[in-house]
Amino acid sequence: MTRLILVLGDQLTETLSALRAADPAQDLVVMAEVAEEGTYVPHHPQKIALILSAMRKFARRLEALGFDVAYSRLDDADTGPSIGAELLRRAGENGAREILVTQPGDWRLIASLEALPLPVRFLPDDRFICPADAFARWAEGRKQLRMEWFYRDMRRKTGLLMEGDQPAGGRWNFDTENRKPAAPDLLRPRPLRFEPDGEVRAVLDLVEARFPRHFGRLRPFQWPTDRKEALQALEHFLRESLPRFGDEQDAMLADDPFLSHALLSSSLNLGLLGPMEVCQRAEAEWRAGRAPLNAVEGFIRQILGWREYVRGIWALSGPDYMASNGLAHRAPLPALYWGAPTRLACLAAAVGQTRDLAYAHHIQRLMVTGNFALLAGVDPAEVHEWYLSVYIDALEWVEAPNTIGMSQFADDGLMGSKPYVSSGAYIDRMSDYCRGCAYSVKTRTGPDACPFNLLYWHFLARHRERFERNPRMVQMYRTWDRMEPGHRDTVLADAERFLARLHAGEPV
Ligand code: FAD
C-alpha cells in the first residue's frame, strides 16, 4: 500500500527520518509549494524564494536517488491552498491511507496535520544533536534552564573541544577575549554569495509576481540553495572569517552588515548542512592551527549551545509559548519596523539591512531591534510575528525562543536570568551608528537625548517590582536611586512623551 512521505521546505536532508523510513519502491514523496505557507505571516520575499528554490532542487535530488516525488508548484493550476489540502489530493489520487512526516518545527503546522482525516505518523527530527526527549530529561526538576550548563553537558557528550574530561584550553568560555568593537576594514573577507542560476531566477520571477506587497527587497538574491553551495559557503567561512569570528561577534558597523559572521543559519535550518558536521569542521580548523580557540569556541557555542538549547526550549514549551507575555506589554509594533523613516540611526540601519538582505546578525536583532521593542513595551506576539517574517533563517522553533524568551523576556525568565535591555551607551560602544545619529547618545534628557537612554530608565522604573531584587539588576536600581529626584522625573516625563509619539504613529 502506498504511503505519503511528506517532506517540508525545511526538511531538505537526504538522511531525514521520514525518508529513511520510506520504501522508494512503494511510497510517494509529497512536496508542495502552497500559498498558506507563504502568507501565514508576510515572509520576506528572499526567504520565500530561498525555500522554493531549495525545495525544487531537493526534489530533483530525491528523484535521482530513486524516489517517486509528487511535487506541486505554487503556479500549478491544481495546487491546493495548504499542505493539508495537497496531502488529501495526493492521497485521493494514489489511494494512500497513511502519511509519514518528520516532526515539523512549527506548532501551527503540527496542529493542522493532526486535524487531517488520515492517520499521520510523526517521526523524531534527529537532525538535532540533542534529541527533544534528552533535552526534556535535562530540564526536569531544574528551576531555571541556563544555556551555559546545557552547553557544558553537550560539550562533554559530544567530545567537541574537549581534552579528556576537561574543556580545551582549560576554560568553557572565552568571552572575555571576544566581543570587541570593530573598525571598518576594506580588507575584511566577505561571505561567499551565489549568483542565481536559471532555476532560482524562475522562482524569483514567481515570488515577485505572487508576493508583491511583502516587506523586503527580493534582489539581489545570493543565498545557497542546495547542499553543494552550502558546503562551499561553509568552507569559505571557515577559511576566511572564522579566525575573526570571536573578536567581531558582537560588533556592529553601519557599512558592514556581515562582519565575520557565517551566514549559515538558513542552510542549517533548511537541512542543507548538519549542525554536527559544521561544529566538527570548525573544531578541525582549531586543531590544525588555522583558527584561534576563542573564535572556534565562540562559534561552536552558538550551534552546539544556543541552537540546540532554543530547539529544546521550543519543543518543551509547546504551542502556548507563542502567547507568553510575562511583562504584560501591549503596545503595537511601531511602523519603523516595516520601514517607516526614523531618525534613530541604529534602528534605521538594522531595519534597512533587514529589508535589503533578509539578514541582520545576532547583536543587531538582540540589542537594537529587540532591545527597542522591549523598552518600548511592544506586545511580544507582534515582535515575534515580525522576526518570523523578515529573516532568511526564521522558523518558529528557533525564532520564537530567541524573540519571546531571550529578547522580550516574555517567558517569565525561563531562558534568561535578566532582560536584555541597555541604554544607548552599549550601542555606542559596540557600533559606529551613534556618530551618524540625529539624537545624541551622550545626552540624557530633552528632545535630542538618545531614546534608548530615556526608555531604559523608564523600563526599569515601570518594572521595579519585578526586577529590583534580581541580583543581576540591583546595581542598576542603585544607580537610578542615586540620581536627583528632579532628574529622574524629567527622564520619565521625556520617556513618556517619546512613547506617546511613537505609539501614536508619529515619526521618531
Ligand atoms: P553566526 O553569528 O555566524 O552564528 C553561527 C551560527 O550559530 C548561526 O548560523 C546559527 O545557526 C547559530 N546561532 C547563533 N546564535 C543563535 C541563537 N541565538 N539561536 C539559534 N542559533 C544560533 N536564528 C535563526 O536561525 N532563526 C531565527 O529565526 C532567529 N531569530 C532570532 C531572533 C532574535 C530576536 C534573536 C536575538 C536571534 C535570533 N536568531 C535566529 C539567532 C541569530 O541571530 C541567528 O542565528 C544568526 O544571526 C544567523 O546568522 P549567521 O548564520 O551569520 O550566524
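This is a predicted model, so every value here is computed, not measured. When a ligand or atom number is given, it counts from 1 through the structure's own listing order.
Taking the charged nitrogens against the carboxylate oxygens, Glu277 and Arg227 do have a contact shorter than 4.0 Å, which makes a salt bridge. Note on Glu163 versus Arg287: salt bridge recorded, some NZ/NE/NH1/NH2 to OD/OE distance being below 4.0 Å. Salt bridge Glu177/Arg171: present, at least one basic N to carboxylate O contact under 4.0 Å. Salt-bridge annotation for Asp175 and Arg301: present, with a side-chain N of the basic residue lying under 4.0 Å from a carboxylate O of the acidic one. Salt-bridge check for Asp256 with Arg190: passed, with a basic side-chain N closer than 4.0 Å to an acidic carboxylate O.
Heavy atoms of Leu388 found under 4.0 angstrom from ligand 1: none, in either backbone or side chain. Contact annotation: for Met406 versus ligand 1, heavy atoms closer than 4.0 Å belong to the side chain alone. Within the 4.0 Å heavy-atom criterion, neither part of Phe258 lies near ligand 1. Contacts with ligand 1 closer than 4.0 Å are made by backbone heavy atoms (N, CA, C, O) of Ala360 only, the side chain lying farther away. By the criterion of a heavy-atom distance under 4.0 Å, the side chain of Ser407, and not its backbone, is placed next to ligand 1.
Looking from atom 3 (O) of ligand 1 to the surrounding protein, the closest heavy atom is Ala262 N, 2.7 Å. The nearest protein atom to atom 1 (P) of ligand 1, hydrogens excluded, is given as His261 ND1, 3.7 Å; this is a heavy-atom distance. Distance from atom 33 (C) of ligand 1 to its nearest protein heavy atom, with residue and atom name: Asn402 CB, 3.7 Å. Atom 23 (N) of ligand 1 has its closest protein heavy atom at Val398 CG2, 3.7 Å. Given atom 43 (O) of ligand 1, the protein heavy atom at minimum distance is His362 ND1, 3.2 Å. For atom 15 (N) of ligand 1, the closest heavy atom belonging to the protein is Gln302 OE1, 3.4 Å. Nearest protein neighbour of atom 16 (C) of ligand 1, counting heavy atoms only, is Trp306 CB, 3.9 Å. Of all protein heavy atoms, the one lying nearest to atom 9 (O) of ligand 1 is Ser265 N, 3.1 Å.
Counting heavy atoms of neighbouring residues, nucleotides and ligands inside a 6.0 Å radius, atom CD of Glu140 does not exceed 12 of them. Shown here is Lys228, whose NZ atom has no more than 12 heavy atoms of other residues, nucleotides or ligands within 6.0 Å. Crowding of Tyr420 atom OH: a count of heavy atoms from other residues, nucleotides or ligands under 6.0 Å not exceeding 12.
Proximity to Asn269 (heavy-atom distance under 4.0 Å) selects the following atoms of ligand 1: 24 (C), 25 (O), 26 (N). For ligand 1 and Leu263, the ligand atoms under 4.0 Å from any heavy atom of the residue are 50 (P), 51 (O), 52 (O). Near Glu399, meaning under 4.0 Å from any of its heavy atoms, are these atoms of ligand 1: 27 (C), 28 (O), 30 (N). Close contacts between ligand 1 and Arg307 involve ligand atoms 11 (O), 20 (C), 21 (N) [criterion: under 4.0 Å to a heavy atom]. In the vicinity of Thr403, heavy-atom distances shorter than 4.0 Å reach the ligand 1 atoms 32 (C), 34 (C). Listed by atom number, the atoms of ligand 1 under 4.0 Å from Leu366 heavy atoms are 36 (C).
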**OP:** Begin with the C-alpha distance, continue with both residues' side-chain angles, and end with the deciding distance and a verdict on ring-ring contact (aromatic ring centres under 6.0 Å, His included) for Phe452 and Tyr426.
**Re:** CA-CA 10 Å; Phe452 282 90; Tyr426 174 84; over 10 Å; no
Original post:
So Trp138 and Phe150, ring-ring contact (aromatic ring centres under 6.0 Å, His included) or not? Walk me through it.
Top reply: CA-CA 8 Å; Trp138 173 81; Phe150 169 76; 5.4 Å; yes
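For ligand 1, the polar-atom distance check against Leu264 finds a nitrogen or oxygen pair separated by under 3.5 Å. At under 3.5 Å, not a single nitrogen or oxygen of His361, backbone or side chain, sits near a nitrogen or oxygen of ligand 1. Of the polar atoms of Asp393, at least one N or O is found under 3.5 Å from an N or O of ligand 1, judged by distance alone.
Distances from ligand 1 to the non-hydrogen atoms of Phe299 include at least one value under 4.0 Å. Using a 4.0 Å heavy-atom cutoff, Phe237 is absent from the residues neighbouring ligand 1. Residue contacts with ligand 1 leave out Tyr420, since none of its heavy atoms falls under 4.0 Å from the ligand.
Of the options Trp386, Phe245, Tyr359, the smallest heavy-atom separation from atom 49 (O) of ligand 1 is shown by Tyr359.
With Trp107 as the partner, the ring pair (Phe, Tyr, Trp, His ring centres under 6.0 Å) test is satisfied by one option alone out of Tyr321, Trp397, Trp314: Trp314.
The shortest side-chain heavy-atom distance between Val351 and Phe215 falls under the 4.5 Å cut-off. No side-chain heavy atom of Thr225 sits under 4.5 Å from any side-chain heavy atom of Val203.
Using cut-offs of 30° and 60° on the angle between ring planes, the pair His261 and His361 is parallel.
With Thr369 contributing its side chain and Gln364 its backbone, the two residues share a donor-acceptor pair below 3.5 Å.
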